[in-house]
Protein chains: 2
Amino acid sequence: MNIIISNNSSIPIYEQLENAIKEAIFSNELKEEDMLPSVRNLANDLKISFLTVKKAYDELEQEGFIKTVQGKGSFVAPKNLELIKEEKLKEIQDYIEKIYDISKISNIPKEEIKELFKIIFEEEI
Amino acid sequence: MNIIISNNSSIPIYEQLENAIKEAIFSNELKEEDMLPSVRNLANDLKISFLTVKKAYDELEQEGFIKTVQGKGSFVAPKNLELIKEEKLKEIQDYIEKIYDISKISNIPKEEIKELFKIIFEEEI
DNA sequence: TCTACTGTTATGTTTATAATATAACAGTAG
DNA sequence: CTACTGTTATATTATAAACATAACAGTAGA
C-alpha cells in the first residue's frame with residue numbers, strides 16, 4: 001500500500017490514514033478479507049505512533065470498512081457497495097457544502113453555479 | 001449588521017466573524033469606507049473577547065477587505081470585489097470538477113447530485 | 001506450554017490552537 | 001485633557017492531536 005502522510009497538513013494524521021485506506025479499498029488494491037498491516041508495523045513504517053494508527057482503524061471499523069479481531073488483526077470487511085456509494089455521496093455533499101459557503105460569502109447567485117455545473121457535466125458527449 | 005456566533009461550532013469564532021463580515025461586504029450591507037464596529041464594542045455585543053474580534057479584523061485586513069488605522073478604527077476597503085469574485089468562481093469550478101470526477105468513477109447519476117445540490121442550496125429558507 | 005505475533009487499555013506528556021482576562025501602551029479628535 | 005480608537009504583552013484555560021511507555025489480553029504455530 002502506498003501511503004503518504006504529511007505531518008504538517010491541517011488534516012490530522014489519523015484522518016489522512018483513514019482516507020488512504022478507504023481509497024485502497026475503493027480501488028480494490030485492498031480486497032475483501034485482506035489483512036491490513038498490524039497497528040505496530042504500520043506505525044513503524046510511517047514513523048508515527050501506533051495509537052494514531054489504532055485511531056484510524058477504530059474509525060474505519062466504526063464505519064464498516066474493516067473488521068478487527070484481538071490477537072489476529074484487522075481485515076477488509078465484505079464489501080458493501082451501498083456503503084461505498086454512501087461514502088462517495090458524502091464526499092460530494094461536502095464539496096457542495098463548500099460551494100454553498102463560498103457562494104453565500106461571496107454573494108454569487110445560484111444561477112451562475114448552476115451554469116457552471118451544466119457546462120462541466122454536459123462535457124460528457 | 002446581523003452577526004450570529006456559535007461557540008460550539010467546529011468553526012472558530014474569529015472565522016465565523018470573518019465570514020459574516022465578508023458576507024456583509026459582498027452584499028453591500030457594508031459599503032466602501034464604512035466604519036466597522038470597534039473591536040471592543042463588537043466584542044461586547046457578541047459577548048466574546050476583543051482579541052478574538054481583533055484576530056478576525058487582522059485577517060480581513062491581510063486579505064484586503066478592510067483597512068485599520070490605530071486610533072481611528074477599521075474601514076471597508078475600496079472594492080476590487082470583481083477580482084475576488086472571479087477567484088471564488090474558479091474555486092467553485094474546481095469543486096464541481098472534483099464532483100464530476102467522483103460521480104464518473106463511482107457511477108453516481110447526475111440526478112442524485114442535482115438532488116443534493118437542491119437540498120443544500122434550498123436550506124436558505 | 002512457550003513464544004511471537006496480534007490488538008487493548010491506562011497513564012502521562014507534549015504541542016498547537018482557540019479563546020479568554022487583564023493591564024498597560026499608543027494614536028486620533030473633539 | 002478626555003474619551004474614544006487600536007496595539008501589545010502576559011498569563012490562563014480548554015481542547016484536540018500525537019506521542020511514549022508499560023502492562024494486559026487474545027491467537028496461533030513450534
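So you know, we letter chains A, B, ... as the sequences are listed, proteins then strands, and number each from 1.
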Solution key, residues 63-77 of chain A side-chain donor-acceptor pairs under 3.5 Å, sequence neighbours excluded:
unit_1: A/Glu63; atom_1: OE1; unit_2: A/Lys22; atom_2: NZ; d: 2.9
unit_1: A/Thr68; atom_1: OG1; unit_2: A/Ser74; atom_2: OG; d: 2.8

query = How do B/Arg40 and B/Lys47 order along DNA chain C: which one's closest nucleotide is nearer the 5' end?
reply = B/Lys47
message = Within the 4.0 Å limit for protein heavy atoms, which parts of nucleotides 13-18 of chain D are touched? Write it as a string from 5' to 3', B for base, S for sugar-phosphate only, - for none.
response = ----SS
request  = To the nearest 0.5 angstrom, please state how far the CG atom of A/Leu89 sits from the CD1 atom of B/Ile102.
outcome  = 9.5 Å
ask   = Can you get from B/Leu30 to B/Tyr14 by hopping between Ile, Leu, Val, Met, Phe, Trp and Tyr side chains that sit under 4.5 Å apart?
value = no
inquiry  = Report for the helix from C/dT1-D/dA30 to C/dG30-D/dC1: angle between first-end and last-end helix axes, five pairs each, rounded to 10 degrees.
reply    = 10°
request  = Could you tell me whether the side chains of B/Asn19 and A/Lys104 share a donor-acceptor contact shorter than 3.5 Å?
outcome  = no
inquiry  = Run the side chain to side chain contact (heavy atoms under 4.5 Å, CB included) test on B/Ile96 and A/Phe121 for me, step by step, so that the C-alpha distance in whole Å, both residues' side-chain angles and the decisive distance to 0.1 Å come before the verdict.
reply    = CA-CA 9 Å; B/Ile96 296 177; A/Phe121 271 75; 4.1 Å; yes
task = Mark yes or no for whether A/Ser106, through its side chain, and A/Ser103, through its backbone, hold a donor-acceptor pair below 3.5 Å.
result = no
inquiry  = Testing the basics here: between A/Ile108 and A/Glu112, what is the closest heavy-atom pair and its distance to 0.1 Å?
reply    = CG2-CB, 4.1 Å
message = Heavy atoms within less than 4.0 Å of DNA chain C: which residues of residues 56-73 of chain B have one? Give them sorted by number.
response = B/Gln70, B/Gly71, B/Lys72
task = Strictly below 4.0 Å, heavy-atom distances to any atom of DNA chain C: list the hits from residues 31-39 of chain A, or just say none.
result = A/Ser38, A/Val39
ask   = Distance from A/Glu97 atom CD to B/Phe117 atom CZ, nearest 0.5 Å?
value = 12.5 Å
Which atom pairs link the protein and nucleotides 10-12 of chain D when you take only N or O atoms and keep those under 3.5 Å?
none

inquiry  = Between B/Asn80 (side chain only) and B/Leu83 (backbone N and O only), is there a donor and an acceptor less than 3.5 Å apart?
reply    = no
Give every donor-acceptor pair under 3.5 Å between a side-chain atom in residues 50-58 of chain B and any protein atom, sequence neighbours left out.
unit_1: B/Lys54; atom_1: NZ; unit_2: B/Asp58; atom_2: OD1; d: 3.1
unit_1: B/Lys54; atom_1: NZ; unit_2: B/Asp58; atom_2: OD2; d: 3.3
unit_1: B/Tyr57; atom_1: OH; unit_2: B/Pro37; atom_2: O; d: 2.8

ask   = Can you list the steps and then say if A/Ile99 with B/Ile99 is a side chain to side chain contact (heavy atoms under 4.5 Å, CB included)?
value = CA-CA 11 Å; A/Ile99 291 172; B/Ile99 290 172; 4.2 Å; yes
key: Partner set under side chain to side chain donor-acceptor pair (under 3.5 Å) for A/Lys114, not counting sequence neighbours   = none
ask   = What residues, two or more places apart in sequence or in another chain, satisfy side chain to side chain donor-acceptor pair (under 3.5 Å) together with B/Asn7?
value = none
task = With rounding to the nearest 0.5 Å, note down the distance linking CG in B/Asn41 to CG in B/Leu36.
result = 12.0 Å
request  = Under the ring pair (Phe, Tyr, Trp, His ring centres under 6.0 Å) rule, collect the residues that match up with A/Tyr95, sequence neighbours excluded.
outcome  = B/Tyr95
inquiry  = For A/Ile11, is there any backbone N or O sitting under 3.5 Å from a side-chain donor or acceptor partner on A/Gln16?
reply    = yes
query = Of all nucleotides in DNA chain C with an atom under 4.0 Å from a non-hydrogen atom of chain B, which is the first and which the last going 5' to 3'?
reply = C/dA18 to C/dA29
message = Suppose we screen for side chain to side chain donor-acceptor pair (under 3.5 Å). Which residues come up paired with B/Glu91, at least two apart in sequence or across chains?
response = B/Lys88
